[in-house]
Amino acid sequence: MGIPGTASRRALLRGGAASPADPADRTTYRPAHYRGARLLSAADRHLVTRFSTGLTPALTAEVRNAGGARRWFERQLAPGRIRDRAADELAGWWPSLGLSAHELWRRQEQEVELGWQVMESYQRWLLLRRLRTRRPVQELMTAFWLDHLNVPVNGDAAFTWRFDYDRRIRSRALGSFRDILHTAVTHPAMGIYLDNAVSTKRHPNENLGRELLELHTVGRGQYTEDDVKGSARILTGWHVDLWRTFAAEYSPEDHWVGRVKVMGFEHRNADADGRAVTRDYLTYLARHPATARRIAHKLATRFVRDDPPTALVERLASVYLANDTQIRPVLRALVESAAFRESRGAKVRDPIEDVVATYKALAVQVQRPKGDPGDHASRAILWQCHGLGAEPHGWPRPDGPPLDNESWSSPARMLASMDLHWTMSGGWWPTKGISYRAPKDWLPRATIRFDLLVDHLAQQLLGTRSTATLLRACCEVTGLRPGSRVTRGSDLVRWNFHRLLSTILDSPAHLSR
């Protein structure tokens with residue numbers, strides 16, 4: 001048996017009108033305007049939605065109090081000035097994340113806590129941070145760089161250093177790419193994942209040297225196989241003890257010494273301590289025009305649209321180079337561009353964004369797990385992401401997950417999203433460690449006309465006004481008319497409110513950003 005109102009919801013997702021349940025229905029679906037709190041302008045809503053993990057009434061008020069979206073965005077570029085207590089306290093929920101690499105490996109050997117369990121805790125910590133944080137721009141840029149410089153959570157020994165990798169990239173996410181690149185490439189987690197931790201002068205391993213060129217910086221067509229060999233030789237010496245302590249150190253006796261050349265970079269490389277040549281080499285790559293274009297194109301694809309204009313990419317690349325790879329000026333130039341202003345609704349939320357935004361829209365609260373039961377909401381949220389097709393940093397290849405709409409717009413993904421919205425709107429799962437808003441608490445007053453209620457809910461869940469298409473879909477899925485009266489004792493509130501909430505969450509205004 002199909003979900004009631006499925007035809008209406010499908011039409012809503014297409015952006016068109018739903019077919020009337022009764023061919024003789026001549027109802028006029030004219031959206032009403034409920035007088036709630038003042039909403040953001042369309043331009044402000046666009047900027048905040050692109051650079052947050054979900055627009056809520058509280059975030060709307062925060063943006064208005066800041067003097068508009070541009071001022072809010074500027075404050076977000078200085079995250080250290082924003083108190084984030086609710087997100088920061090999550091570190092105590094999973095204490096093992098703060099353990100040393102050696103201790104984590106020892107616990108795995110003794111089967112106290114396996115690596116995949118540590119990484120599951122890390123993913124849950126990430127999802128709850130995205131629900132709670134007051135620093136969404138830093139959170140999104142941290143995720144952007146961790147995907148660009150991907151070290152998957154489903155690897156093997158890299159789990160010992162993976163949380164530290166997040167911590168170090170997070171602290172630099174709005175700084176310079178030069179610094180981010182050096183931190184990532186020389187980090188033990190990256191070294192373990194791409195085999196640089198065991199690369200020596202006698203047996204240089206080319207994995208990291210190649211991916212550094214192909215994925216992290218200049219891209220294909222810019223280098224030769226000889227360049228890959230030179231890249232690998234420069235990176236020798238960054239060692240991790242994978243057999244006993246998992247300690248990370250620089251090992252001069254393992255560094256390849258001798259003149260090196262990679263593209264336009266040349267160095268005598270005469271010192272056994274190759275840390276200086278590593279920094280010079282990575283600085284060269286970070287400042288390379290091809291790297292500038294790749295970073296600019298990727299940022300534009302992530303925050304503007306799938307096919308960003310060449311002029312925008314070139315503009316962002318020039319700002320990147322003119323500011324010595326600093327990211328803040330590039331982001332400012334991006335949000336100031338006409339291409340950004342004209343891209344409203346052009347990006348589909350990926351599965352992780354949909355899950356987080358759904359939790360935020362429904363104003364659910366996840367409590368700290370006691371004893372960490374298997375079906376606690378803090379674990380279920382990760383399973384929900386998996387059900388939609390993606391988990392935080394679970395992409396198993398070094399290239400990182402795709403940024404385009406098509407990759408996240410399959411029929412299976414759409415049905416999974418609709419199921420998520422349905423079950424969450426009904427408060428049916430998860431049920432442990434979570435509190436939902438009761439249907440009666442969504443009503444702004446004791447008695448309200450249905451079209452006004454739809455508009456009120458659109459403001460609460462979407463941060464925007466209802467439309468004729470949305471009103472019609474809500475009428476058809478509930479069997480009510482625009483002028484129907486709704487009270488706390490109505491059948492809609494007692495039995496069917498999930499149909500109304502889930503229809504609004506199935507709309508393009510929620511599934512896009």
Side-chain angles (χ1 to χ4, degrees), residues 48-63 65-66 69 72-99 118-147 153 162-175 180 327-328 331 349-370 372 376-382 384-385 391-394 424 430 433-436 463 513:
V48 174
T49 302
R50 283 289 167 89
F51 283 93
S52 72
T53 55
L55 185 60
T56 63
L59 181 53
T60 295
E62 180 182 321
V63 173
N65 291 338
W72 170 84
F73 183 74
E74 193 62 33
R75 290 184 182 182
Q76 286 290 316
L77 295 181
R81 299 178 181 178
I82 302 172
R83 296 184 66 185
D84 208 15
R85 180 180 299 174
D88 292 341
E89 71 181 17
L90 292 168
W93 288 25
W94 296 283
S96 61
L97 293 178
L99 297 178
V118 177
M119 288 296 90
E120 184 183 85
S121 295
Y122 166 61
Q123 292 177 299
R124 296 156 68 192
W125 174 82
L126 278 173
L127 290 168
L128 270 293
R129 274 196 68 88
R130 293 174 192 180
L131 282 178
R132 291 180 165 214
T133 186
R134 295 187 62 243
R135 302 170 180 171
V137 174
Q138 182 190 37
E139 198 70 31
L140 291 177
M141 289 307 301
T142 299
F144 177 86
W145 295 123
L146 288 173
D147 285 340
V153 297
R162 186 57 180 76
F163 185 69
D164 184 77
Y165 185 65
D166 178 294
R167 182 175 61 84
R168 292 175 184 265
I169 298 299
R170 182 177 300 274
S171 66
R172 295 164 172 80
L174 292 167
I180 293 169
I327 299 305
R328 288 183 178 89
L331 294 178
R349 276 184 168 138
D350 68 30
I352 300 166
E353 292 169 332
D354 186 9
V355 171
V356 171
T358 297
Y359 271 65
K360 295 186 74 170
L362 293 175
V364 300
Q365 299 293 322
V366 178
Q367 288 91 43
R368 180 172 183 163
K370 296 180 180 179
D372 208 14
H376 191 274
S378 64
R379 177 171 278 117
I381 189 174
L382 180 57
Q384 288 169 316
C385 290
E391 297 176 7
H393 308 306
M424 291 291 293
I434 190 170
S435 59
Y436 296 88
R513 54 176 176 80

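Computation of the quantities below employed the complete heavy-atom set of this structure, encompassing side-chain atoms and omitting hydrogens, waters and symmetry-equivalent molecules. Positions are given from 1 along the sequence. Quantities reported herein were computed from a predicted structural model and do not represent experimental measurements.
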> Quick check: does any side chain N or O of Arg130 sit under 3.5 Å from a backbone N or O of Thr53, one acting as donor and the other as acceptor?
Replying inline: no

>> Would the distance check show the side chain of Trp72 and the main-chain N or O of Ala66 forming a donor-acceptor pair, the cut-off being under 3.5 Å?
In response: no

> Any salt bridge between Arg132 and Glu89, counting N to O under 4.0 Å?
Replying inline: yes

> Roughly how far, to the nearest 0.5 Å, is the CD1 atom of Ile82 from the CZ atom of Arg75?
Replying inline: 8.5 Å

>> When you measure from the side chain of Arg134 to the backbone of Arg83, do you find a donor-acceptor pair of N or O atoms at a distance under 3.5 Å?
In response: yes

> Between atom CD1 of Ile180 and atom OG of Ser171, what is the distance when rounded to the nearest 0.5 Å?
Replying inline: 9.0 Å

> Do the side chains of Val355 and Leu382 get nearer than 4.5 Å, heavy atoms only?
Replying inline: no

>> For a quick test of reading the model, state the closest non-hydrogen atom pair linking Pro430 to Tyr436 and the distance between them.
In response: O-OH, 2.6 Å

> Checking Arg170 side chain against Glu139 main chain: does a donor-acceptor pair fall under 3.5 Å?
Replying inline: no

> Would you say Arg328's side chain and Leu174's backbone share a donor-acceptor pair under 3.5 angstrom?
Replying inline: yes

> Taking side chain as C-beta onward, heavy atoms only, is Ile381 less than 4.5 Å from Val366?
Replying inline: no

>> Distance check, rounded to the nearest 0.5 Å: Thr142 atom OG1 versus Asp166 atom CG?
In response: 6.5 Å

> By ring-ring contact (aromatic ring centres under 6.0 Å, His included), which residues pair with Phe73, not counting sequence neighbours?
Replying inline: Phe51

> Which distance, rounded to the nearest 0.5 Å, do you find between the CG of Leu131 and the CD of Gln365?
Replying inline: 9.0 Å

> Is there side-chain contact between Leu97 and Tyr122, with at least one heavy-atom pair below 4.5 Å?
Replying inline: yes

>> In terms of relative ring orientation, are Trp125 and Phe163 parallel, tilted or perpendicular, with 30° and 60° separating the classes?
In response: perpendicular

>> Any side-chain to backbone donor/acceptor pair from Arg162 onto Met119? Under 3.5 Å, distance only.
In response: no

> What is the minimum heavy-atom distance between His393 and Ala143, and which atoms define it?
Replying inline: CE1-O, 3.9 Å

>> So does Pro392 get a backbone contact from the side chain of Gln123, meaning a donor-acceptor N/O pair under 3.5 Å?
In response: yes

> Just how far is it from atom CD1 of Ile327 to atom CG of Leu77, taken to the nearest 0.5 Å?
Replying inline: 11.0 Å

> Which pair of non-hydrogen atoms, one from Ser52 and one from Val48, has the smallest distance, and what is that distance?
Replying inline: OG-O, 2.7 Å

>> Tell me the closest heavy-atom pair linking Arg50 and Leu140, and the distance in Å.
In response: O-CD1, 3.7 Å

> Passes side-chain contact (heavy atoms from CB on, under 4.5 Å), Val153 versus Glu391? Steps please.
Replying inline: CA-CA 10 Å; Val153 297; Glu391 297 176 7; 5.6 Å; no

>> When you measure from the side chain of Arg368 to the backbone of Gly92, do you find a donor-acceptor pair of N or O atoms at a distance under 3.5 Å?
In response: yes

> What pair of heavy atoms forms the shortest contact from Trp93 to Gln367, and how long is it?
Replying inline: CH2-C, 3.5 Å

> Out of curiosity, Ser121 OG to Leu90 CG, how far, rounded to the nearest 0.5 Å?
Replying inline: 12.0 Å

> Can you list the residues that meet the side chain to side chain contact (heavy atoms under 4.5 Å, CB included) rule with Asp88, with sequence neighbours excluded?
Replying inline: Asp84, Arg129

> What pairs with Asp164 under side chain to side chain contact (heavy atoms under 4.5 Å, CB included), at least two apart in sequence or on another chain?
Replying inline: Trp161, Arg167, Arg168, His187

> How far apart are the closest heavy atoms of Pro136 and Gln76, and which atoms are they?
Replying inline: CD-OE1, 3.1 Å

